[in-house]
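Down below is the structure, laid out as structure tokens.
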Amino acid sequence: MNWTHVRLIATSSIPQTLRSGTGVVYAVFTLIFGLHSANLIVRQVETLGATRFTGWVETALNFLLASVTLQGKTTELPELEKFGGLDNIHAWAEYLLREQPALLSAVFILQALLVPLFVSSGAFNQLAGDLQHGAVRYQLLSTSRSSLFFGRFLGMAVFTAALIVALTSVLVLFVGSQLDLYEWGDLIAWGVHCTFALICISLPYVAFCSWISAVVNSPFSALIFTGLIIPAQPFLAIGAMNAWEPLGKLIYLMPWGVQFWLFHPDPAKVVFAALGCLAYTALFLFLGLYFFRKRDL
Amino acid sequence: MSIETTETLQATPALRVEGVTKSFDKLRALDAVSFEVPRRCVVGIVGPNGAGKTTLFSIVAGFLIADSGKIEILGEGTPGHPGILGRVSILPQDALFDRNQSILNQLVLIRMLRGASRRQARDDVAEALARVGLSDYLERSAVVLSHGMTKRLGIAQAFLGDPELIILDEPTAGLDPRNAARIRQVIRDLSVESTVVVSSHNLTELQDLCDHVVILDRGVVKATGTMEEIMRSGLRRIDLGFDEDLSADQTATLLSLPAVGSIEARGSGRYELSIDGLGDEPVAAVLRTLLELKAMPKSLRDGSSLEEIFLSLTGDSEE
């Protein structure tokens, strides 16, 4: 692999993504839905009041965190007296809602759920379209398949990271300006952490899209695959766990079971989750590259 | 029929194909294909539709992976080997350029991947587009180009950076005569420094352009060698037409010529003569004799073409 080629392909793929329309849709979809979801939350605070809202979010957070960390069958979780029996989950939610700006935590946890969906809608066509029309053939005698694959991934990862930075910056400004509940310093510090977390979360999904895009010859098929597999996978795993508990481990086929630890109060767990996301990224890239190098183009 | 080529092939050929086989499900597209391409010449790959030409090119370019066999490019290694990146280019068949980027941006990227700086790449792209008559389209998207112009754009990218081996899959298909002639001249110019492997259904064009030829039929190499070897391998025939049938004496006199192997009457004053020898002299000898016999032909067709040989080798193949 030639890193100069990777950089060249990455930098040329970003404007290519934007001009194709996919990138514009990706950016608009991410920013509009991200801001809209934040607006809904702010409106809830205004309607319910900060105390009632925090209580509502706490229940939702407990349920979400207990589910994705496989702390019990989802059918039994609501009976655990608001998760009082799950001390670790309770402390985690407390940290997000009492020690950090609660509203921003709610917004960013929601984004952590949405980012994989955004990525599947925007990163599906890294190679599939060019494979379908044969455009990659013009580059393949000048560079290696590895450089082409990693260049397209890197371009999309940088584009996604830039989108996330734009989104989180606007969200912090939006929350800070709409509600006079938090210090700007707290908002910015937590915003930076959550931006890092969301970028970490996005990487394995971008890599997953790279994999699918490199083995499927049609952008539409790639979109269907990524758009179905990414959101459906945690529901299938958690649903399967209700039937037979060991099947819950299926959640680790994708980063869903790891990514929320990036918002954990224990820095060691955050580092573990970040490394986990990188490991998923490496795995998906390895699989994508393996099949891309073996296939006929 | 298979003609082994022993002459003129250099020690390290530009391309060496050894026993390459490729199947698509039950269809065997290439069956133990072997040949060598010497450096700095133009080599034509000839074959009917479905002969395996594009499959062969795709394997050489690394788009397809052969089931078995070996390919060595520029003495360095197999397709995709780091040592050949940027030294080989291809005009693929039916590949499209990105409709969402300017032609300039796409070609600059390709040139930069072949090792040029951005400034050098821009200059080279401008020069390459000028060679194929597309200078006015530098900043435009490929979507505005006609089929022929897209073909010329593909050829321009193949020339970028003066690659040592250039593979052109039907480069003049879809081009008007003026542009086809322009492309043929560019190929001739390139062959001074580069090796050009070209496929075409226009056999007259290939006969005029190529130094070497490989005839492929249903995935099998039927003949390979220099153009002269290939031409010599086929039985040369000429068709003559007269107002009336030749007499027995006239036929006997023609048969007595050393250059004439046989004469077949085809009816209504038409005769097919098998001719031994290349060039114009054997045919001139026949015409001189006919002049002496006061039997002036009203038509003459020299069948000593690549097309004749191609048809004789692939006669029962479907077009």
field: A:Tyr290, OH atom: more than 12 neighbouring heavy atoms under 6.0 Å
entry: no

message: Looking at chain A, which one of B:Gln106, B:Lys22, B:Arg87 has the largest number of heavy-atom pairs inside 4.5 Å, strictly under?
response: B:Lys22

Spacing of CG belonging to B:Asp98 relative to OG belonging to A:Ser12, to within rounding of 0.5 Å: 9.5 Å

Which atom pairs, one a donor and one an acceptor, fall under 3.5 Å between side chains of residues 130-146 of chain A and the rest of the protein, sequence neighbours left out?
from, atom 1, to, atom 2, distance (Å)
A:Asp130, OD2, A:Gln16, NE2, 3.3
A:Asp130, OD2, A:Arg152, NH1, 3.0
A:Asp130, OD2, A:Arg152, NH2, 2.9
A:His133, ND1, A:Gly129, O, 3.1
A:Arg137, NH2, A:Leu297, O, 2.6
A:Tyr138, OH, B:Ala95, O, 3.1
A:Ser142, OG, B:Arg114, NE, 2.8
A:Thr143, OG1, A:His5, ND1, 2.9
A:Ser144, OG, A:Ser147, N, 3.1
A:Ser144, OG, A:Ser147, OG, 3.0
A:Arg145, NH1, A:Phe292, O, 2.8
A:Arg145, NH1, A:Arg295, O, 2.6
A:Arg145, NH2, A:Arg295, O, 3.4
A:Arg145, NH2, B:Gly62, O, 2.5
A:Arg145, NH2, B:Phe63, O, 3.3

message: Within the supplied structure, the quantity of interest is the number of heavy atoms (other residues, nucleotides, ligands) at a distance under 6.0 Å from A:Phe29 CZ; does it exceed 12?
response: yes

query: Yes or no on side-chain contact (heavy atoms from CB on, under 4.5 Å) for A:Ile9 and B:Leu113, after CA distance, side-chain angles and deciding distance?
result: CA-CA 9 Å; A:Ile9 292 163; B:Leu113 290 173; 4.2 Å; yes

task: Determine whether more than 12 heavy atoms belonging to other residues, nucleotides or ligands lie under 6.0 Å from atom CZ of B:Arg182.
output: yes

task: Pick one of side chain, backbone, both or neither for B:Leu109, based on which atoms fall under 4.5 Å of a heavy atom in chain A.
output: side chain

task: Kindly check if the number of other-residue, nucleotide or ligand heavy atoms within 6.0 Å of CZ (A:Phe286) is above 12?
output: no

message: Looking at B:Ile65, is its backbone amide N or carbonyl O close enough to the side chain of A:Asp296 to form a donor-acceptor pair, meaning the two atoms are under 3.5 Å apart?
response: yes

